[in-house]
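Encoded as structure tokens, the structure appears first; notes follow it.
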Amino acid sequence: MSSIPDVFPLRHILSASQFTREQIETIFAVTDQMRQARDKRQALDLLSGRVISLMFYEPSTRTSQSFQYAVTHLGARFVGSKNAGEFSSAAKGETVEDTVRTIASYDADLMVMRHKVLGSVAKAAEVSPIPIINAGDGPGEHPTQALLDLYTLLRLGADREETTLVLNGDLKYGRTVRSLCRIIIRYWHGAPCPIRLVLCAPDAFRMNNDILAELRRAEISFEETADMEGALRRADFFYQTRLQLERLTDEEEKRRANLVATDFRLDDRHLALMRPSASILHPLPRVNELSPELDADPRAKYLPYQTRNGMLVRMALLTMILRPDYVAQL
Ligand code: NCD
């Protein structure tokens with residue numbers, strides 16, 4: 001009998017809050033299949049003849065490249081615009097709505113969009129004749145990162161027993177941690193959540209109240225702290241994040257942010273404080289908040305484990321949106 005739960009229609013992916021537990025389980029079951037195929041270097045021609053549009057209006061390495069590889073490993077092709085903010089008609093003032101309708105008219109099958117303006121991907125989706133995946137909308141959300149982060153946590157055993165997950169660093173402007181909280185809420189909706197969240201940040205970078213209120217409503221156990229060493233000692237999973245300097249517009253705010261950034265840096269002095277069984281995660285890119293000295297430690301799971309999961313989850317999503325028939329017969 002298939003281990004894949006019921007299939008469902010999946011179209012736009014805009015927010016981590018849109019998923020049900022069943023949908024997430026399906027995505028992860030398909031992700032496991034993608035892993036098996038890739039581990040054997042088996043070619044999957046599931047999307048042959050399809051064309052995926054990749055529109056990136058903000059810098060990206062992992063999200064854009066992992067989508068490119070996901071598309072390629074599935075036998076599809078992509079047409080991309082990096083630096084779309086600068087080199088597309090957006091620079092002339094064109095709206096995302098006009099852009100997506102134009103690109104759909106060239107027979108693109110799906111668009112992946114990253115934009116610097118909060119809510120812009122959802123706006124494009126409102127008029128889009130083709131499915132759209134939000135690859136990050138400014139300080140808003142990053143749902144595919146949330147899926148890959150939750151997949152990473154679960155496959156590393158986060159649901160086996162009571163687990164302490166520390167989110168550390170810039171929780172105010174980081175969209176990955178916002179989306180991760182939301183997907184945790186969705187995944188354990190109506191069921192006891194084994195994860196206890198520790199939101200660890202200097203005062204100026206605390207998690208916004210909207211997410212705190214959502215966690216409270218969902219009865220997810222969490223606490224806020226600025227004591228990084230204390231959090232480190234308790235962590236089963238330590239999710240480090242970077243200071244989102246590009247989201248600060250005020251020079252004085254940037255200067256003050258840089259001063260506190262050293263307070264949440266993780267380096268080899270911290271290794272002795274951490275549990276031997278703990279895992280260190282990071283969405284990457286890192287700047288100086290995560291020392292490369294940690295990379296050789298077996299607890300470092302961000303590279304290549306977490307990054308590879310990004311490609312595999314995105315392969316699963318593209319397949320589920322464009323080939324529901326394939327998923328149905330699993
Ligand atoms: C993150 C992002 O773009 O929000 N990067 C990523 O997609 N892996 C995290 C970051 O930029 O700090």
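Just so you know, these numbers use all the heavy atoms, side chains as well, and skip hydrogens, waters and symmetry mates. All residue numbers refer to positions in the sequence shown, counting from 1. Counting convention: from 1, in listed order, for ligands and their atoms alike. Remember, it's a predicted structure, so these values are computed and weren't measured experimentally.
Taking T152 as the reference, L148, L156, L281, Y305, Q306, N309 meet the side-chain contact (heavy atoms from CB on, under 4.5 Å) condition, with sequence neighbours excluded. H115 pairs by the ring-ring contact (aromatic ring centres under 6.0 Å, His included) definition with Y57, not counting sequence neighbours.
A donor and an acceptor atom, one from each side chain of R314 and S66, are located under 3.5 Å apart.
To the nearest 0.5 Å, atoms CG (N134) and CD (Q145) are separated by 12.0 Å.
Ion pairing between R247 and E58 holds under the 4.0 Å rule for side-chain N and carboxylate O.
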What short N/O contacts, under 3.5 Å, does ligand 1 make with the protein, listed by atom pair and distance?
| unit_1 | atom_1 | unit_2 | atom_2 | d |
| --- | --- | --- | --- | --- |
| ligand 1 | 3 (O) | R114 | NH1 | 3.4 |
| ligand 1 | 3 (O) | R114 | NH2 | 3.2 |
| ligand 1 | 3 (O) | R175 | NH2 | 2.9 |
| ligand 1 | 4 (O) | R175 | NE | 2.8 |
| ligand 1 | 5 (N) | L284 | O | 3.0 |
| ligand 1 | 7 (O) | T63 | OG1 | 2.9 |
| ligand 1 | 7 (O) | R114 | NH2 | 3.2 |
| ligand 1 | 7 (O) | H142 | NE2 | 2.8 |
| ligand 1 | 8 (N) | Q145 | OE1 | 3.1 |
| ligand 1 | 8 (N) | P283 | O | 3.0 |
| ligand 1 | 8 (N) | L284 | O | 3.0 |
| ligand 1 | 11 (O) | R242 | NE | 3.4 |
| ligand 1 | 11 (O) | R242 | NH2 | 2.8 |
| ligand 1 | 12 (O) | R242 | NE | 2.7 |
| ligand 1 | 12 (O) | R242 | NH2 | 3.3 |
| ligand 1 | 12 (O) | Q244 | NE2 | 2.8 |

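For residues 130-157, the set of pairs meeting the salt bridge (Lys or Arg N to Asp or Glu O under 4.0 Å) definition, not counting sequence neighbours, comprises D32-R155, E141-R182.
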